[in-house]
Protein chains: 2
Amino acid sequence: MQKPSLPKGTRDFGPIQMARRNYILDQIRSTFQLFGYNQIETPAMENLSTLTGKYGDEGDQLLFKILNSGDYLKNVSAEDLEKGASATLTKVSEKGLRYDLTVPFARFVVMNRNDLTFPFKRFQIQPVWRADRPQKGRYREFYQCDADVVGTDSLVCEAEIILMIRDVFAKLKLNDYSIKLNNRKILTGISEAIGAAGKEGQLCVAIDKLDKIGWEKVQEELIGRAFSEDSLEKLAPLINLTEGFEGKISFLKSFLAGSKVGLQGVGELEELAVILKGMGENLDFVDFDVMLARGLSYYTGAIFEVKVNNASIGSVSGGGRYDNLTGVFGLSGVSGVGISFGVDRLYDVLEELELFPQGSVQTSKILLTHFDEKGFSYALSHLQKFRKAGIKAEIYPDLSKVKKQLDFATKKGIHFVGICGDNEIAENLISIKNLETGDQESLTIDAAIFKLS
Amino acid sequence: MQKPSLPKGTRDFGPIQMARRNYILDQIRSTFQLFGYNQIETPAMENLSTLTGKYGDEGDQLLFKILNSGDYLKNVSAEDLEKGASATLTKVSEKGLRYDLTVPFARFVVMNRNDLTFPFKRFQIQPVWRADRPQKGRYREFYQCDADVVGTDSLVCEAEIILMIRDVFAKLKLNDYSIKLNNRKILTGISEAIGAAGKEGQLCVAIDKLDKIGWEKVQEELIGRAFSEDSLEKLAPLINLTEGFEGKISFLKSFLAGSKVGLQGVGELEELAVILKGMGENLDFVDFDVMLARGLSYYTGAIFEVKVNNASIGSVSGGGRYDNLTGVFGLSGVSGVGISFGVDRLYDVLEELELFPQGSVQTSKILLTHFDEKGFSYALSHLQKFRKAGIKAEIYPDLSKVKKQLDFATKKGIHFVGICGDNEIAENLISIKNLETGDQESLTIDAAIFKLS
């Protein structure tokens, strides 16, 4: 007899975990919809030609590949086999599992470009798979939760991303967090201003480590990457800017005076603030971080990253604007901007901060319990009435000891039991007991339904 | 430049298809929850040791297998390779994609048996993958939607399955359908009663084709399977039973008088009817079909199959009771009963019968439109007010011709536009136009919000 197990890095979601994850996803979904985003889904499997080369060499290694059906070796020659796995890979596997939601979305846009209405606002909530080494908080299957709008460069979209983040976090009762904001063009401008034009890639790789290793070590790394002492001196004032949004904008206007693209980035951020104000909104929770540099190779405009304060997990959401998402599939000139929520990380944060609501278990409101055959029949005769009133209800389906029935309710997170004993039957009542408080009262069925509605 | 495509047999779900599928899933989910079922999810990948041998030889062939990461040939010897694909398969692949939701559920129950509260009622809505030859209505990735309760043999569960089916179908506005009902024990009894004891497997394979090929051909097939003329004569009266539920029960009581197990099956159906009556319910939509025989090797008690009349697609749901779901994983004695809804088939039925509600597109309620920069700012200044009232709202994010904005709303299925022109701005109003009827009225923002709430 085999003892079953799960593949490394994968998880089951039992009723409680599911209800909690659904609670998070429901909030995010309703926000996306409130802002006019429509849901789509793409298949778990994509052609490897769609996936390969989009995530760098390391990403290609981490793709889960599907073995071709039937005789999977039929296209493989003896010669191929001698050369080993890498020479045969493309001959034994043509499909892989989705690695993220962005590349499938780009593929979707290109394949459906004649049918879609642009600007196209889509959201997508689906699992992705990565053959990463599993560790705490890192799984081989996890959900991504993305919203993107493509086909417009309106900065209203950036403003709405900030508003969506705030809407989601307010619903989740998270109120101590920062929306870190920057613009890729500012980073380009900085590299020009410090006399290291074109080296913003290396600059950002180093600066990305600022939080972890500190300014000293970042300088060492930059010198190792052939940045001059002079450029480091010029860079220094940016490291600890303490001004607010307006102050940073003025500082950058003079700092980047010689960089056209840099000033353009500053201008975009200024306009974003103007749009928010025009919408009756503000920059609450926004932290303009001139050193924020995530996914540089990808983003071309605004960059977002959301960090929850007072939680051991850092970034729970991120995104930005990209100018050429679909170029790799032959459709250029499609600008877009998007945001991704890390559902697993939000789950851990809400658990750590004890912010999951009691009611999120999505379980029955009431369990009808009984002592004997007669009570069982009596309970059965009323059960459907609760359901017809929209109350999630169930009966303990076997004749069992009451203690067992109450344990069942407690373990399943059901707050009320409806006791159907001889007294209740005689008076055509039901005793509703609150398992948390122990309170109990005998009510008519209608009154019980009213109480639980 | 590569032209992207989808793997054979897979589909994207665009906004309209998603909204429609969500509409179906929402109804099913709410019914499952109303009856006390809790949602779980299992990983897309399972160990092949969990999946293999559970679906017959053909099923094993149809499993999608995941290539081991890294050098997938590292455990394969030259000798293995000479023997070909089948000799190496287990050495290059250890995981496969979920083929259904039942086997992963059985694995889940066994692995979590010490933490679960029995009777355990779970539902699960997830895609499954089969390397079947794709054809109309048959995909390589499709959703299954299952509810099962394990750990009780109470016939209340069977009664509730009938009630859940009726609840789902009522919500979907499907009112011309049959819940075909039978009991595996009756089929066993019939094989005994016609003098072909133990041959109910073959009997059922043949009878399963009754609808398609007719009684004449079924008889030919049975004779080919060594059923005697005598047993066919005895079987004949069962083929066209025209009586109602009660009539069939009495007929079978005498027909199966000599079969203990057969009478037990009849007794279970009688008790099921009694339970429904005791719940204030009835046998509406139930069609007792003594010849119904689906998934025989699997079921041990009640068998269900739901057919929509007047639709080109037949069976949209099915299920039954099984006595040993988890036995293969080392946990015996766990009886269960379940139902599965075919979401893709229900989708096709609702489309054919034009039963999708207009409002199921889950799109914005209103698009704010504008003629120029001034109108754009005005629209922006009011946009958040709609959202704060819970109204899904968006603004056309670019300065474009009004016709383009109206086309956008129409294509996206948005019913109302909020026109922000010079007159509206001067009077601090907004003109709400219903794009379906063409009706238009100028309202204060508050009145517009009230109208759309």
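For the numbers below, each heavy atom of this structure counts, side chains included, while hydrogens, waters and symmetry mates do not. Each chain gets a letter, A, B and so on, in the order the sequences are listed, and its residues count up from 1.
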Heavy atoms only, distances under 4.5 angstrom: which of [options] has the most pairs with chain B? Name it, please.
| options | value |
| --- | --- |
| A:Ile414, A:Val156, A:Asn47 | A:Asn47 |
| A:Gly280, A:Gly278, A:Ala106, A:Ser377 | A:Gly278 |
| A:Val110, A:Leu383, A:Ile40 | A:Ile40 |
| A:Pro119, A:Cys157, A:Pro43 | A:Pro43 |

Can you say whether [X] sits under 4.5 Å from chain B via the side chain, the backbone, both, or neither, judging by heavy atoms?
| X | value |
| --- | --- |
| A:Phe376 | side chain |
| A:Glu160 | side chain |
| A:Leu6 | both |
| A:Phe386 | neither |
| A:Asp167 | neither |
| A:Ser30 | neither |
| A:Ala44 | both |
| A:Leu97 | side chain |
| A:Pro397 | both |
| A:Arg21 | side chain |
| A:Tyr396 | side chain |
| A:Thr42 | both |
| A:Arg387 | both |
| A:Ile391 | backbone |

Does the pair B:Glu141/A:Arg98 count as a salt bridge with the N-to-O cut at 4.0 Å?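 Salt bridge: no.
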Side chain of A:Lys3, backbone of B:Gly330: donor and acceptor closer than 3.5 Å?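 Checking the backbone N and O of B:Gly330 against the side chain of A:Lys3, no donor-acceptor pair under 3.5 Å is found.
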Need one label for [X]: side chain, backbone, both or neither, based on atoms under 4.5 Å from any heavy atom in chain A.
| X | value |
| --- | --- |
| B:Glu94 | neither |
| B:Val92 | side chain |
| B:Phe120 | side chain |
| B:Asn68 | neither |
| B:Gln17 | neither |

Distance from [X] atom [atom1] to [Y] atom [atom2], nearest 0.5 Å?
| X | Y | atom1 | atom2 | result |
| --- | --- | --- | --- | --- |
| B:Met279 | A:Ile395 | CE | CD1 | 7.0 Å |
| B:Ser5 | A:Met111 | OG | CE | 6.5 Å |
| B:Lys365 | A:Leu34 | NZ | CG | 13.0 Å |
| B:Ser69 | A:Arg140 | OG | CZ | 5.0 Å |

Close side-chain approach of [X] and [Y], heavy atoms under 4.5 Å:
| X | Y | answer |
| --- | --- | --- |
| B:Asp12 | A:Phe108 | yes |
| A:Lys95 | B:Thr10 | no |
| A:Gln39 | B:Asn22 | yes |
| B:Phe35 | A:Lys392 | no |
| B:Met45 | A:Phe64 | yes |
| B:Asn38 | A:Met18 | no |
| B:Leu67 | A:Ile66 | no |

Could you go through A:Glu41 and B:Tyr143, starting from their C-alpha distance and side-chain angles, then the distance that decides it, and tell me whether this counts as side chain to side chain contact (heavy atoms under 4.5 Å, CB included)? CA-CA 12 Å; A:Glu41 281 192 9; B:Tyr143 268 76; 3.0 Å; yes
Mind ranking B:Lys404, B:Lys8, B:Gln384 by heavy-atom pairs under 4.5 Å with chain A and telling me who comes out on top?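 The option with the most such pairs is B:Gln384.
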In terms of heavy-atom pairs under 4.5 Å, which option from B:Arg122, B:Gln61, B:Lys121 contacts chain A the most?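 So the answer, after comparing B:Arg122, B:Gln61, B:Lys121, is B:Lys121.
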Which atom names give the shortest non-hydrogen contact between A:Arg107 and B:Pro4, and what distance separates them?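 Distance-wise, the nearest heavy atoms are CG-CB, 3.4 Å.
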Quick check: closest heavy atoms across B:Phe408 and A:Phe118, and the distance to 0.1 Å?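 Looking at all heavy atoms of both residues, the closest pair is CD1-O, 3.7 Å.
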Going by atom types only, do A:Thr152 and B:Asp398 share a side-chain donor-acceptor pair under 3.5 Å?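 Yes, side-chain donor-acceptor contact under 3.5 Å.
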